[in-house]
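Written below as structure tokens is the structure these notes are about.
For this chain, numbers begin at 1 and follow the sequence in order.
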Amino acid sequence: MTATSPRRLLTLGINASFHDSAAALMVDGEVIAAAEEERFTRVKHGKRPVPFTAWELPYHAIDFCLKEAGATLGDLAHVAYSFDPRRFLGDRAPDGRFTLPLQPSDFEAGPWENPWDPLFAAYVMSAPRLLTDAVPHHLRKRFAGVRHADAPYRWHFVPHHLCHQASAFLAAPFSSCAVMTLDGRGEQASTCYGRYRDHRYEALGEVHVPHSLGLLYERVTSHLGFLHSSDEYKVMAMAALGTPRYADLLREHLVVDADGQYRTLPLDLTARFGPARVPGSAMGEAYLDLAASLQDVLEETALRLAVWLRERTGEDRLAMAGGVALNCVMNSRLRDAGIFREVWVQPAAGDAGTALGAALWVDALARSGQADRGTDTSTDGTVLLAERRWQMDHAYLGPAYSDEEIEALLQWAQLRYRKVENVAAETAALLAGNKIIGWFQGRMEFGPRALGARSLLASPVDPAMQARLNELKDREDFRPVAPAVNREDLADWFEPAEANGGESPFMLFVYNVKPGRGERIPSALHTDRTARVQTVDAATNPVFHDLLQAVGERTGVPVLVNTSFNVRGEPIVGTPKAALEAFFSTPLDALVIGSFILEK
């Protein structure tokens with residue numbers, strides 16, 4: 001940058017209050033980087049969502065984003081944090097002070113829901129100081145020279161669900177849309193509605209905790225023996241194996257009111273459905289039926305809320321975010337109901353995506369000359385934003401590694417490998433031989449889905465392949481794997497192929513297999529004969545597109561099973577070193593990393 005060139009507008013978004021810690025960076029209205037902290041630290045979800053971890057910022061993800069921009073912390077114009085502690089506190093600490101019990105048993109019910117909520121609030125309030133003063137020693141280079149007292153950037157605490165909303169309507173391929181966030185909790189809200197049109201966002205209401213679809217799903221997830229705020233997707237998969245015989249009981253405790261409101265009434269799961277499942281024990285019929293019932297009630301509730309929102313906004317497109325929006329079966333019910341012409345879900349719909357939403361919101365305010373505007377009124381009324389310069393056509397926003405970097409590591413580790421000219425053709429030959437491949441190519445995905453950058457790939461032709469993959473990843477037997485297919489081949493294999501513009505790039509909707517096709521791809525289908533499809537576009541992932549094309553030419557089946565490149569309890573691999581560790585600690589047959597192939 002020359003002395004006369006204008007300074008770039010750099011906006012950093014941070015999520016750190018609960019879990020799925022992440023960072024995103026925008027430069028002059030465009031997102032150039034986004035990543036989750038777990039991919040660098042190898043701690044799944046970055047941390048557990050408990051008050052004692054609220055101080056931990058995603059320093060590694062921030063460092064990556066700054067590196068991608070060739071910037072340091074001092075180059076930032078704005079930092080947007082996706083939680084507003086003032087909204088959370090309300091009037092509970094009018095003098096700026098509170099007390100903490102030495103032991104939880106000393107806690108007396110009062111204005112706080114949890115004895116450690118004051119500690120949580122204090123940690124979040126301290127985030128601006130922690131960004132400058134608590135940086136790990138090995139990352140200080142890009143953070144150096146900035147003190148909290150005279151930081152050159154403007155700090156913004158942005159309401160959590162406004163960040164979810166912004167991550168949807170400021171990223172979706174729509175110029176106007178209805179917006180819905182279905183989540184667990186934020187400062188006060190659990191569900192949020194809005195409308196985006198003519199660069200204006202209009203807030204249309206919230207549902208407040210304790211009434212929460214996300215928290216209800218979490219409670220049942222725990223009752224079924226899984227980890228809440230982590231394993232909800234397993235319950236969704238279980239649902240296909242059960243019968244919703246408990247749906248009426250659940251409906252008694254979930255009441256949908258007018259104007260997008262609903263209430264979740266007190267529910268003793270043990271009294272109504274029997275003892276909680278012991279983790280790792282057999283999955284009895286009653287547990288499967290409870291999962292099916294929960295899923296059924298979630299879907300019908302979401303449909304009723306969507307009908308209200310369609311009537312309220314008059315919009316025929318819907319953009320969604322929030323952790324519940326990762327439920328691809330619910331998303332598909334919304335898509336197929338015809339309430340909206342198109343439904344788009346932001347791929348990092350959980351809390352990681354609020355880092356993106358925070359950056360998008362503050363950038364849009366700053367470019368419209370409203371950088372000094374507070375966020376307290378932004379969830380009530382209409383806000384005019386700057387014209388958009390970016391939309392989320394893909395999720396490949398993480399780090400990439402050059403062939404030179406990869407080969408240097410392979411040589412340092414004294415590993416045997418071969419470099420190939422045609423990665424697609426060589427890999428297709430391995431896949432046609434029924435090999436399971438670790439696939440590490442290009443920029444890492446942002447969000448929980450592996451989308452052909454950090455994936456495990458296999459042919460779906462062998463009926464035993466699903467079981468092989470689940471054994472390799474040490475996963476539950478009922479867990480399905482998902483098919484990837486080039487966008488232009490979708491209509492030959494799955495339906496409804498015309499829905500949502502004929503694409504599903506983020507693996508967030510399920511499809512039915514076309515008649516006569518299921519027998520060709522048995523390992524790509526769930527027990528109910530559906531599949532969570534990813535469509536691949538040559539413009540956004542040319543290497544993966546070429547591979548699918550080469551597999552189709554060799555086998556007659558241009559479909560691959562695509563699951564995340566990780567093992568149970570660990571995040572998706574983020575670096576070549578993590579990929580090698582996963583390769584050599586599992587029965588993977590081959591690793592295709594950049595232009596190099598390793599085989600056992």
Under 3.5 Å, which donor-acceptor pairs do the side chains of residues 75-83 form with other protein atoms, sequence neighbours left out?
| from | atom 1 | to | atom 2 | distance (Å) |
| --- | --- | --- | --- | --- |
| Asp75 | OD2 | Thr72 | N | 2.8 |
| Asp75 | OD2 | Thr72 | OG1 | 3.3 |
| His78 | ND1 | His156 | NE2 | 2.9 |
| Tyr81 | OH | Ser17 | N | 3.4 |
| Ser82 | OG | Ile14 | O | 3.3 |
| Ser82 | OG | Asn15 | OD1 | 3.2 |
| Ser82 | OG | Thr354 | OG1 | 2.8 |

Is it the case that the side chains of [Y] and [X] hold a donor-acceptor pair, with the cut-off being a distance below 3.5 Å and no angle test?
X	Y	value
Glu232	Asn327	no
His394	Asp537	no
His45	Ser230	yes
His19	Glu38	no
Asp257	Tyr262	no
Glu206	Thr191	no
Glu218	Ser229	yes
Gln165	Tyr201	yes
Tyr59	Glu37	no

Please list all pairs meeting salt bridge (Lys or Arg N to Asp or Glu O under 4.0 Å) that have one or both residues in [range], counting only residues at least two apart or in different chains.
range	result
residues 319-340	Glu299-Arg333
residues 161-190	Glu113-Arg185
residues 12-27	none
residues 492-513	Arg487-Glu503

Using a strict 4.0 Å threshold on nitrogen-to-oxygen distance, state whether [X] and [Y] make a salt bridge.
X	Y	result
Glu342	Arg317	yes
Arg200	Asp198	no
Arg454	Glu445	no
Arg142	Asp63	yes
Arg251	Asp296	yes
Glu68	Arg443	yes

- Take Tyr511 and Trp493, measure what ring-ring contact (aromatic ring centres under 6.0 Å, His included) needs, and give me the verdict at the end. CA-CA 10 Å; Tyr511 290 73; Trp493 293 86; over 10 Å; no
- Qualifying residue, where the test is side-chain contact (heavy atoms from CB on, under 4.5 Å) with Cys163 and the options are Val362, Asp351, Leu360, Val158: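 Single pass found, and it is Val158.
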From [X] atom [atom1] to [Y] atom [atom2], the distance as rounded to the nearest 0.5 Å:
X	Y	atom1	atom2	value
Leu294	Leu250	CG	CG	6.5 Å
Leu326	Phe506	CG	CZ	12.5 Å
Ile339	Arg304	CD1	CZ	11.5 Å

- Pairwise ring pair (Phe, Tyr, Trp, His ring centres under 6.0 Å) hits with a residue in residues 318-356, at least two apart: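 Applying ring pair (Phe, Tyr, Trp, His ring centres under 6.0 Å) to every pair that reaches into residues 318-356, excluding sequence neighbours, yields nothing.
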- Above 12 or not: heavy atoms from other molecules or residues under 6.0 Å from CH2 of Trp308?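 Yes.
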- Angle class for the His164/His161 ring planes (parallel below 30°, perpendicular above 60°, tilted otherwise)?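 His164 vs His161 ring planes: tilted.
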- Candidate pair Arg195 and Glu202, rule salt bridge (Lys or Arg N to Asp or Glu O under 4.0 Å), full reasoning: CA-CA 5 Å; Arg195 172 171 53 195; Glu202 179 185 5; 2.6 Å; yes
